Amino acid sequence: MLDNIANHLKSPLINGVHVDSNFNAYMAEFKGKDRVLGIGAPLWLALDPPERLALLAHEVAHLINNGPARGKIASNALETLARWHDLFHPPTLINHENNTRFYYENRELIGQLFSYLFGGVISTITLGFEKLIFAESQRSEYLSDIVSSSISGAAAEKSSLKKIILSPLAEYALKHAHYDGSKDINLFENMARAVRSPDTHKPAELYTEADK
């Protein structure tokens, strides 16, 4: 299917697919020749077949839209800033007793002050850089939406985007999941179900927030 979409759009072919646990999807290029489509398992399970086609077409379309974040200089800069951010910030761990996240901090006070100072600078630079490319990045997203609609239909593209907007519901389901001793753990399916069949008031709140 990916080859058919790529041929239809006259884009480079996809070299591989990476499935992860995020409620998202992405297109990554490595050294300008290896192209990998990333798909979150919970998102894939939440979509119906037409919406899955819309998602695939949207991501492949990024290969022909030349978004600023996919340029060599910009992508390398964002990747470097992300690595620096991780270097200066303590890792996030999970307390399995109460299923909450916390920062693991084992550095001396001077190390903490140094990290917070430079980590704040890096975060500010990253935010400023993202604002600089925001308009062109959004343009790339809109173009991908148009291309996707031409392949899957406007209705499927719209409904897939609406489900992605509901990603906080999937994250909430993940955050409040717990192991009950069952042999089969349907964690991704539970995340998908939270988006497919949400509480009546929560989608409206997220849609309103997305329109701002």
Side-chain angles (χ1 to χ4, degrees), residues 1-2 5 14 17-28 36-63 65 67 69-70 78 82 92 94-95 98-102 126-127 130-131 133-180 182 184-212:
M1 180 182 291
L2 286 173
I5 294 174
I14 308 302
V17 176
H18 175 234
V19 180
D20 59 29
S21 60
N22 297 313
F23 198 89
N24 205 345
Y26 63 87
M27 179 63 68
V36 176
L37 171 64
I39 303 176
L43 172 59
W44 187 258
L45 292 173
L47 303 178
D48 60 30
E51 293 168 343
R52 291 174 178 176
L53 176 60
L55 176 69
L56 297 178
H58 178 99
E59 296 304 325
V60 174
H62 279 303
L63 295 175
N65 286 338
R70 299 178 188 279
L78 288 171
T92 302
I94 297 178
N95 185 339
N98 52 21
N99 203 31
T100 58
R101 299 180 181 181
F102 67 96
T126 303
L127 179 61
E130 290 176 343
K131 286 186 175 182
I133 65 175
F134 176 77
E136 282 300 311
S137 295
Q138 287 301 105
R139 172 181 171 276
S140 176
E141 290 295 331
Y142 295 148
L143 289 175
S144 292
D145 291 340
I146 294 173
V147 172
S148 175
S149 297
S150 69
I151 294 178
S152 65
E157 171 66 12
K158 182 179 179 179
S159 60
S160 67
L161 292 175
K162 292 181 71 174
K163 285 184 177 178
I164 292 176
I165 291 174
L166 300 182
S167 62
L169 302 183
E171 295 170 1
Y172 182 86
L174 173 62
K175 183 178 179 180
H176 291 80
H178 64 278
Y179 180 59
D180 59 3
S182 302
D184 297 322
I185 304 176
N186 299 316
L187 182 58
F188 292 160
E189 177 59 36
N190 292 339
M191 295 172 66
R193 188 181 301 111
V195 171
R196 290 197 308 265
S197 304
D199 292 338
T200 54
H201 66 285
K202 291 182 178 179
E205 296 175 358
L206 292 172
Y207 294 147
T208 301
E209 183 177 347
D211 288 336
K212 293 181 180 179

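Just so you know, these numbers come straight off a predicted model, no measurement behind them. Here, residue 1 is the first one in the sequence, and each next residue gets the next number.
- Between Pro50 and Ala156, the shortest heavy-atom distance links the atoms O-CB, 3.6 Å.
- A pairwise comparison of heavy atoms in Leu56 and Met1 identifies CD1-SD, 3.5 Å as the closest pair.
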Per-pair distances, 0.1 Å, donor-acceptor, side chain in residues 161-169, under 3.5 Å, sequence neighbours excluded:
| residue | atom | partner | partner atom | Å |
| --- | --- | --- | --- | --- |
| Lys163 | NZ | Ala46 | O | 2.8 |
| Lys163 | NZ | Glu51 | OE1 | 2.9 |
| Ser167 | OG | Ile164 | O | 3.2 |

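- Atom-to-atom distance recorded for Ser21:OG and Leu187:CG is 8.5 Å, nearest 0.5 angstrom.
- Donor-acceptor pairing under 3.5 Å is recorded for the side chains of Ser144 and His62.
- Panel note: side chain Arg196, backbone Asp48; no donor-acceptor pair is recorded below 3.5 Å.
- Distance CG/Leu206 to CD/Glu209: 6.5 Å, rounded to 0.5 Å.
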Note to self: If you apply the rule side-chain contact (heavy atoms from CB on, under 4.5 Å), what do you find for Val147 with Val60, and how did you get there?
What the structure shows: CA-CA 9 Å; Val147 172; Val60 174; over 6 Å; no

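- For the pairing with Leu53, the side-chain contact (heavy atoms from CB on, under 4.5 Å) check across Ser152, Ser148, Ser160 returns one residue only, Ser152.
- Smallest separation of non-hydrogen atoms from Leu47 and Arg52: O-NE, 3.2 Å.
- No side-chain heavy atom of Phe188 sits less than 4.5 Å from a side-chain heavy atom of Val19.
- When side chains are defined from C-beta on, Glu171 does not count as touching Met191, because their heavy atoms never get closer than 4.5 Å.
- Here NE2 of His58 is found 10.0 Å from CG of Leu143. Values are rounded to the nearest 0.5 Å.
- In summary, of the residues considered (Ile39, Leu37, Leu2, Ile5), a side-chain contact (heavy atoms from CB on, under 4.5 Å) with Glu59 occurs for Leu37 alone.
- Partners of Tyr142 by ring-ring contact (aromatic ring centres under 6.0 Å, His included), not counting sequence neighbours: none found.
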